[in-house]
Chemist: 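After the structure tokens below, expect a handful of questions from me.
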Amino acid sequence: VALAWRVTQEKFMEGTTTWLDNLKLRLGYGKVGNSNIDTYRYASAMTAIQTPFGTAYYPANLSNPDLKREASEQFNAGIDFIFLQGRIDGTIEYYLRQTKDMLYNKPVAPSNGFSSIPMNVGSMRNMGFEFEVNYRPIVTKDITWEINVNGTYNQNKILKLHPDLG
């Protein structure tokens, strides 16, 4: 879900038209899931092979009945702006993403016949700011000189980690 409000189209902003071309506020929220795991890894499966003595069965995978889909929720808020007949424009944005039930293929002893078992290992928060500003000091029919500046601050924090990985 996303919302945007073009503030410069409001009546109370009429006095800013000589220097403010556009001002837009944005909000967004969403949820996504990640099921990037092999089909039926939560359950045991058997594979059949033919032998001289008949059909034999062996485990096709190590199952994890507690396995869940990874889920992320994200929120973002931003401001887009254009000043001085397009000479200066940019955006500023804040974002926050929280992921739970993160998927991980935990290594296991090869003597099990497999190299890993899928599991949910914890939760993590990712938040930060991004900005971009563009300035055009010279704009003629023959040349345009544009200066761009951007930056990002990002912080990741593990909120919960499975005891087997600690």
Chemist: Is the distance between the ring centroids of F75 and Y29 under 6.0 Å?
Modeler: no

Chemist: So which atom in R69 and which in D101 form the shortest heavy-atom distance, rounded to 0.1 Å?
Modeler: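 Smallest interatomic distance, heavy atoms only, reads O-CB, 3.8 Å.
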
Chemist: Give, for atom CD1 of I138 and atom CD1 of I143, the distance between the pair rounded to the nearest 0.5 Å.
Modeler: 6.0 Å

Chemist: Contact between N22 and R6 at the side-chain level, heavy atoms closer than 4.5 Å - yes or no?
Modeler: yes

Chemist: Minimum heavy-atom separation for I147 and P137, please, with both atom names.
Modeler: CD1-CG, 4.1 Å

Chemist: Could I get the full list of side chain to side chain contact (heavy atoms under 4.5 Å, CB included) partners for M124, not counting sequence neighbours?
Modeler: M102, N156

Chemist: Determine yes or no for a side-chain-to-main-chain donor-acceptor pair under 3.5 angstrom, with D21 supplying the side chain and G86 the backbone.
Modeler: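 Present.
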
Chemist: Tell me every residue that passes ring pair (Phe, Tyr, Trp, His ring centres under 6.0 Å) with F83, counting only those two or more places apart in sequence or in another chain.
Modeler: W19, F81

Chemist: Give the cluster check for L159 versus Y95: same hydrophobic cluster or not, with ILVMFWY residues linked at side-chain heavy-atom distances below 4.5 Å.
Modeler: no

Chemist: Side chain of E132, backbone of N150: donor and acceptor closer than 3.5 Å?
Modeler: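 Checking the backbone N and O of N150 against the side chain of E132, no donor-acceptor pair under 3.5 Å is found.
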
Chemist: Any side-chain heavy atom of E70 sitting closer than 4.5 Å to one from K100?
Modeler: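 Counting from C-beta outward, E70 and K100 never come under 4.5 Å.
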
Chemist: Tell me whether V133 shares a hydrophobic cluster with Y94, the cluster being built from Ile, Leu, Val, Met, Phe, Trp, Tyr side chains joined at under 4.5 Å.
Modeler: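 No, no single cluster joins them.
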
Chemist: Would you say Q85's side chain and T18's backbone share a donor-acceptor pair under 3.5 angstrom?
Modeler: yes

Chemist: A side-chain contact here means heavy atoms from C-beta on lying under 4.5 Å apart; do R125 and L96 qualify?
Modeler: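 Of all side-chain heavy-atom pairs linking L96 with R125, at least one is under 4.5 Å.
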
Chemist: Indicate if V139 and L84 have the same hydrophobic cluster label, given that clusters are the connected sets of ILVMFWY residues with side-chain heavy-atom separations under 4.5 angstrom.
Modeler: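 Result: no, two separate clusters.
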
Chemist: Measure the CG-CG distance between N148 and N134 for me, rounded to the nearest 0.5 Å.
Modeler: 4.5 Å

Chemist: Measure the CG-CG distance between L103 and L67 for me, rounded to the nearest 0.5 Å.
Modeler: 6.0 Å

Chemist: Could you tell me whether the side chains of R26 and T91 share a donor-acceptor contact shorter than 3.5 Å?
Modeler: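 Yes, a side-chain donor-acceptor pair sits under 3.5 Å.
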
Chemist: Rounded to the nearest 0.5 Å, how far does CD1 of I117 lie from CG of N105?
Modeler: 9.5 Å

Chemist: Could you see if L20 belongs to whatever hydrophobic cluster contains F12? Use Ile, Leu, Val, Met, Phe, Trp, Tyr and a side-chain cutoff under 4.5 Å.
Modeler: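 L20 and F12: one cluster.
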
Chemist: Quick one, S123 and K160 - any side-chain contact, counting heavy atoms below 4.5 Å?
Modeler: yes

Chemist: Could you give the distance from CD (E93) to CD1 (I79), rounded to the nearest 0.5 Å?
Modeler: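 Here the interatomic distance stands at 10.5 Å.
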
Chemist: Look only at the side chain of T51 and the backbone of A56, and say whether a donor-acceptor pair between them is shorter than 3.5 Å.
Modeler: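 Checking the backbone N and O of A56 against the side chain of T51, no donor-acceptor pair under 3.5 Å is found.
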
Chemist: Are the side chain of R97 and the backbone of S72 linked by a donor-acceptor contact shorter than 3.5 Å?
Modeler: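 A pair under 3.5 Å: no.
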
Chemist: Any side-chain heavy atom of I49 sitting closer than 4.5 Å to one from Y58?
Modeler: yes

Chemist: Would you check, one step at a time, whether the test side chain to side chain contact (heavy atoms under 4.5 Å, CB included) holds for W5 with E10?
Modeler: CA-CA 9 Å; W5 177 30; E10 299 296 332; 2.8 Å; yes

Chemist: Do K24 and V7 come close enough that some side-chain heavy atom pair is under 4.5 Å?
Modeler: no

Chemist: Any side-chain donor-acceptor pair under 3.5 Å between N120 and D66?
Modeler: no

Chemist: Which heavy-atom pair separates A48 from T55 by the least distance, and what is that distance?
Modeler: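 Where A48 meets T55 most closely, the heavy atoms are CB-CG2, 3.9 Å.
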
Chemist: Would you name the heavy atoms of L27 and A77 that are closest together and state the gap between them?
Modeler: CD2-CB, 3.6 Å

Chemist: Give, for atom CE of M127 and atom CG of N76, the distance between the pair rounded to the nearest 0.5 Å.
Modeler: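 The CG atom of N76 is 13.5 Å from CE of M127, to the nearest 0.5 Å.
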
Chemist: When you measure from the side chain of R87 to the backbone of R136, do you find a donor-acceptor pair of N or O atoms at a distance under 3.5 Å?
Modeler: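 Side chain of R87 to backbone of R136: a pair is present.
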
Chemist: When hydrophobic residues are tied together by side-chain contacts of less than 4.5 Å, even through go-betweens, does V149 share a cluster with Y135?
Modeler: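 Result: yes, single cluster for both.
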
